Each structure stands twice: as C-alpha cells, then as structure tokens.
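To start, the structure itself, in structure tokens.
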Amino acid sequence: MFKNIKCNSLSASNVDSSVLLAGWVHRRRDHGQLIFIDLRDDSGLVQIVVDPDKSPESYKLASDIRNEWVIQISGIVKIRPEGTRNTQLQTGDIEIETTELKILNEATTPPFPVNDNSEIDDYLKLRFRPIYLRRQKMASNLKLRHKIVKFIRDFLSAKEFLEIETPLLIKSTPEGARDYLVPSRVYPGSFFALPQSPQQLKQILMVAGIEKYFQIARCFRDEDLRADRQPEFTQLDLEMSFVEQEDILNLTEELITELVNSIDPSKKLITPFPRFTYEDAMEKYGTDKPDLRYGIELINVTEILENVEFDIITKTIKDNGVIKGIVAPKCGTYTRRQLDNLQDIARTQGAVAGVMTIVLGSDECELEKLKPEDIKSPLSKHLSFEIIKKLAKEMNAKGGDLILLIADNNEKTNNALGILRQHIASANNLADGNLLAMAFITDFPLLDWDETNKRWTSSHHPFTAPKYQDLELLDSNPGKVMSEAYDLVCNNYELGSGSIRIHQRKLQEKILSILGYNQDEIVDRFGHLLESLESGAPPHGGIAPGIDRIVMVLAGEDNLREVIAFPKTQNSSDPLFGSPSEIDPVQLEELGLTIKNQK
RNA sequence: GGCCCCGUGGUGUAGUGGCCUAACACAUCGCCCUGUCACGGCGAAGAUCACGGGUUCGAAUCCCGUCGGGGUCGCCA
C-alpha cells in the first residue's frame, strides 16, 4: 500500500507515531524556509510541514509541487505549536513533520479551483468531471448518496425483501415516454428498448412468487430534461404481493422517516406524512406536488364576489368558472413592478385575464383597523370596502397583506395560483430549509383525455388498478374512474409514485382496449404480461421513489447534476466522453442500419 | 418544437455606443519570505470580448443568424 492511514483520521492521539500518507496537494503555502502542504484524500485534509532542516531532499521536491499533484508523505505526527492550531480543520491540532516526500504524479493546472466552492459554468463541471468531483461538496454528495442507498438496502433486507436484477435489454412497449433503443445484430431491423422502469418485470416477479422485491434500478426515458430530470436516472423500485395501498404507503413512510432520521437528523419531517387526494391537492395548492413547507392555501371566493359588477368576474361566473385567491403575507408593500411581474407569471400560466391584486395597506395591522384609504386595487371601484373586508376575512388576510385573485375555469385558476403561490413563497423566503415536507397524494384519476390524439391515456401507467367501486364507470364515464395510484411528494418535487396493479387478465385487457388497442395489438405488445397474469398472479402493488431526487433534497441541492457522478447536459449529451457520437460504418453494417440525411 | 436568460484572459466577474490601448480578484510564471492555513510582499505573462454577418464615422456594448450552456412550457405510461 502507498499509505497506512487516512488524513482525516489523525488526531492528537497519534502524536509521535510514524505515518505513511498519500493523496492530492490541496494547497501549498511556501514561506521560504518552511513549506506547508494541505494534503487531501477521500477522508479530508491534514497539514504537512516540510522543513529543510529535517529533510533537505523533501524540501527541494516540495518547492516544485503544485496543486493537485499526487504525493506520498512519510512523517511523524506532531502537536502543532501553541497558537498555530486551526479550529476550522478537524485535524487542526496536529500536523505531519515530513521525513520523506515522494511525487507520485504531477498534475496539469486545474481548469477551475478545486479547493474552494466558487461558481463554475455547468459545462465545465461536466467537461472536467473528474476534477469537479474532487471538490469537497461533490465528494460529500456522493458519500451521502452511498449512505442513502446502503440504508435502503439494509432496511428492506431486514424486512425480507429480495434484491433482484432485471435486464436492461427489454422490449419496447407503447405508452409512456420515448424509449432509448438498442439495435439487435442477430435480428437486423429489430430493437431492444432500455427500460423506462422495470414495471412489467417486477410484476412478473410477483407472479413468480417473489413476494417482496426491490432493486436500485437504472431507468431510461428519452424525453427533454429539467433541473430534476435526467434521461437516465435511478429508482428504488419495489413491489409486494398481497398488499393494499395502505401497506405500501405505511412501508414508504417508515422507510423515508427512518432514512432521514438516520442519515441527517438535522432535517425535520412532518409525521405522520399528510395525505391529500389529487383533487384536494389541486384545489388547495394548485398542483399535485405541493410544497407544504408554508401555508398559503387557495381559497374559493366565488360566492362572495358573485354580485360584483366587473367584466372578468361576471363573465367567469356566467361561464361556470371560479374566482379563487391566495394571500401573500406582508406583500402590501409590493411595487408596481413587482405586481406587474405577478401578472406576467399568471398570464404565462394561461389564466387569460391575469391576476387581480388587492393591497390591504402597506403596514401590518389587524384587519379591523384597516381603513378604506389603505386599499389599493384596480378593483376598488367595483368592490365596496365591506366586500373587501369580507373577502379578506374569509381568506384570513391581515393589514399589510396582498390578495391575489384569479377568475377563470377551475383548472386554469388552480394552475396559475399554484405557480403564484410558489413564487410568493420563494420571493419571501417562506420555506424552512431544514424541513422535508413529505406527503402522499392519492386518488388520482385512472385516465386522462388526450385532446390531440383523441384518446384516453393512463395518468399513471396502463397496469394501474382502477378503484374497485369505480369499475362499472369504465364503460359509461372513463374519466370519472379513480385509480389505486399514489405519489410521494416533498417540497414541490415528486419523489416517487406507485400503485396497486391489475392482477387479472380480463381487467388488464379491458383497460388496454379503452386505451385504444385492438386484440391483436394487445397480444403482440402485452402478451407476455397477460399470460403471466392468467397463470396465477397474486394481488400486488408497489412504489418507485427516485433515488436521485431523494439525494437531491437531502443534500439541499436544486439540481440533479450535483448528486449524479456523471450526468448529462440539458441536451442529453456528455461533454466528458463527447457522447453521443457517430459510429464506425462497419458497426452500422453489422446492425443492418443506414443513416438517413447524414450531414 | 415554443418562450426566457447567459457566453469578456485558465476561473469568477466589471464594463451595456466614443472614457477600452478592455478593469478587478483568484489561478499561472519568476523573485523574496521559518508558523501559515483563503499565508504575505514585489514583479511578469496571459483576452482575435463564443462564432458569422449586419447597423454605425465608431460595436465587447445595438440587430440578425449559428453554436454552446442554463431555466421553463410542451413532453416525462
């Protein structure tokens, strides 16, 4: 071995012992006749002292050393002289007096600083990934990720789950995201697809009698990226037989709670996790993944305003729309510019008429003390002071607050207010950074109507069980059928979703036919699953929390790229490898492929 | 596919029509320095202002296009 101990494990208890260390030069401080080196390894830092009186050869070498060079140090652990201890550093009480220094490898000057946390362009973070990953923040994010995955494996193993790998080369099925495809050499013109998730495979494992399965599974979806979406990502995929929704939610809650408490006790949870139906979440928060770190609920005020003479309001009521609003606490001081900005946000969310604002004075006070002249609103000509007070009271607003109202159809109104709610919260720092506000969303509709393609699509996936009591609606009113699907959400992220699955062939075929497949297509594309279901499939269900997102919220990051070792750019490319790239014509030939429109 | 933002020495930024022969900090290179830890001091080098075109007497700065990066809507069973 090049070393017999880690930098960060050294302390005063090692005094006078000889150690052999190896690592990277984090920083060098040359004082002429004395050189300090901060040596870094995967554990942390320790200060090396190179004194020409103790080792002239080492001193000579140390003069040439630069940041990121790889060196080996033989030395003696010494207590630092009084007054030179560094309380900022875990090993700050001691230092290593060098007896021999070896240069194991030189290094080019890094393209950006490794030894601080300064901002760098995202492209450079990817182009020079190995160097970026040396940074303390990234190293600790990767460690955190490891701890999380290990916790999950231990937790589920203790509950007698079996970790089973499933293939990456599977069959493309319609529905869902665009597949990443892999051409077959043996069957030219035929393709494998990489799994969007191991969904069907884990269901087949349930049929196979594995009653508790999990996998840390890589998933692939060829869709456009977001800050919280990568084309390949990792899920904790899990599935159980003989369970109901309640069993999965309880297991998930226990897992997440113990995970967070064990990995980072400084993070707070709301327990038990609140639960909302999809409809409730939409009505109260305007989104199916609400950020529950702050209040600000959407309040329906249609009734209060129903006799108000104002174009947008009368028109909305005539069209069976709604008027809903939120209270932006202490935002009565908003400037014209800030209010205009809210307009823009509302309009881009499709609330055609924009947002109506009512300023309840600029100073905080009890609602009763509010005077008519405090009110500032484009609506003030149309709303009496009494109506405004009634509105404010209904919405639980105080003096100094800002009321935002939107009038449109229910969907657009909720949507726009949901976005405004987030905006107000982040602009005013209302979210507690240490709170992980987990919640479950349940009772999703089974199907959504796709207006473009004039067909029903699964809102979760085609294998999701409808609510038993809604089965008869499948023919008469498919849009009203609720499903046994649920999401785990946290701080405006969807951390995972799952469902109880259909375990009977007949019902599965029915759903597929509602989705628009004829009998031949059903057999061709889903035959393997249907055959399994009729061979003795137990009732089963599961959930698949996203590992990357869990790490992201626990690391306090707001981008997935900071918790994945080798992520892709927003255009799904990898600047480190330069992939995707063209391939050798011989490879194409073997696969029976020709490229159309080659540049 | 739509919309928005960004691109200035190696890095991060300043400069938003003439003060630019492009400023500052860090990094780099050289010299000095025995107690620093974001060491310090002195000095040096380093930028066709992403690329291409245009407007203008004059463009880092304004306009168009291309490329690259980011955010977002659509999309993500």
Side-chain angles (χ1 to χ4, degrees), chain A residues 26-39 45-54 59 63-64 66-68 78 80-89 91-92 95 97 108-128 131-132 172-179 195-197 199-200 219-231 233 344-345 347-350 415 419 444 446-448 450 452 456-464 483 485 494 497 499 501 511-512 515 525-526 544 546 558-559 561 568-571 573 575:
Chain A
H26 190 67
R27 188 173 261 123
R28 189 182 68 112
R29 292 176 293 279
D30 186 342
H31 286 241
Q33 289 305 297
L34 190 66
I35 296 172
F36 297 102
I37 295 167
D38 290 339
L39 185 70
L45 298 175
V46 71
Q47 174 165 282
I48 310 294
V49 188
V50 189
D51 185 338
D53 297 337
K54 305 272 166 44
Y59 172 78
S63 305
D64 292 332
R66 293 295 180 268
N67 283 353
E68 300 308 311
K78 296 283 183 191
R80 292 200 193 183
E82 208 52 53
T84 67
R85 297 191 185 166
N86 184 350
T87 50
Q88 307 285 80
L89 199 62
T91 58
E95 61 192 10
E97 186 184 282
T108 49
T109 304
F112 46 75
V114 176
N115 52 22
D116 66 22
N117 197 27
S118 54
E119 286 295 314
I120 339 165
D121 189 82
D122 281 280
Y123 175 80
L124 295 172
K125 293 182 183 175
L126 297 175
R127 172 65 184 79
F128 301 102
I131 298 170
Y132 185 57
S172 174
T173 51
E175 297 294 307
R178 193 177 294 114
D179 287 319
Q196 296 173 31
S197 88
Q199 181 58 38
Q200 296 184 57
C219 307
F220 304 85
R221 295 178 191 175
D222 188 2
E223 297 291 348
D224 288 348
L225 277 59
R226 290 288 183 279
D228 63 351
R229 267 162 43 186
Q230 281 276 311
F233 59 100
D344 290 343
I345 293 168
R347 291 218 174 93
T348 53
Q349 288 308 311
N415 209 351
I419 301 285
F444 286 84
L446 182 74
L447 301 162
D448 297 320
D450 175 356
T452 321
W456 291 104
T457 58
S458 298
S459 76
H460 183 50
H461 60 52
F463 318 114
T464 301
S483 70
E494 181 199 306
S497 59
S499 62
R501 329 296 183 187
I511 298 295
L512 291 170
L515 293 173
R525 292 165 175 178
F526 300 98
D558 54 15
N559 196 299
R561 287 186 297 269
K568 306 257 186 299
T569 66
Q570 190 163 67
N571 293 314
S573 69

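It should be emphasised that the depicted structure is a prediction, and the values quoted were computed from it without experimental measurement. By convention in this document, chain letters (A, B, ...) are assigned in the order of the sequence lines, proteins followed by strands, and residues within each chain are numbered from 1.
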Exercise. Are A:N571 and B:G68 close enough that a side-chain N or O sits under 4.0 Å from OP1 or OP2?
Worked result: no
Problem set entry | Nearest-Å distance once atom P is located in both B:U61 and B:U21 | 14 Å
For this session: Could you tell me whether the side chain of A:Q33 reaches within less than 4.5 Å of the side chain of A:Y59, counting heavy atoms only?
Result: yes
Seminar exercise, completed: Separation of B:G12 atom P from A:N115 atom CG, nearest Å, is 15 Å
Problem set entry | N-O pairing of A:D224 and A:R229 below 4.0 Å | no
Exercise. Rounded to the Å, how far apart are A:R226 CZ and B:G2 P?
Worked result: 14 Å
For this session: Heavy atoms under 4.0 Å is the rule here; annotate nucleotides 24-31 of chain B 5' to 3' with B where the base is hit, S where only the sugar-phosphate is, and - elsewhere.
Result: ---SSSS-
Exercise. A:R229 CZ to B:G71 P: how many Å, rounded?
Worked result: 11 Å
For this session: Give the rounded distance in Å between these two atoms: CD of A:Q570 and P of B:C73.
Result: 11 Å
Seminar exercise, completed: A:Y123 atom OH is separated from B:U11 atom P, nearest whole Å, by 11 Å
Exercise. Given atom CG of A:D228 and atom P of B:G71, what is their separation to the nearest angstrom?
Worked result: 10 Å
Problem set entry | Below 4.0 Å: OP1/OP2 of B:G74 and any side-chain N or O of A:T452 | no
Exercise. Checking only heavy atoms, does the side chain of A:D121 share a donor-acceptor pair with the base of B:G12 at less than 3.5 Å?
Worked result: no
Exercise. How many Å lie between CD1 on A:I419 and C1' on B:C3, as a whole number?
Worked result: 15 Å
Seminar exercise, completed: Closest to the side chain of A:D224, out of B:U11, B:C76, B:G74, is B:G74
Problem set entry | Distance, P atom - from B:C63 to B:C5, rounded to whole angstrom | 11 Å
For this session: Ignoring hydrogens and angles, state whether a donor on the side chain of A:D450 or A:T457 is under 3.5 Å from an acceptor on the partner side chain.
Result: no
For this session: Please determine, for B:C3, whether a Watson-Crick or G-U wobble partner exists with both distances under 3.5 Å, and give it or none.
Result: B:G71
Seminar exercise, completed: Given protein heavy atoms under 4.0 Å, the one-letter contact record of nucleotides 36-52 of chain B, with B base, S sugar-phosphate only and - none, is simply BBSB-------------
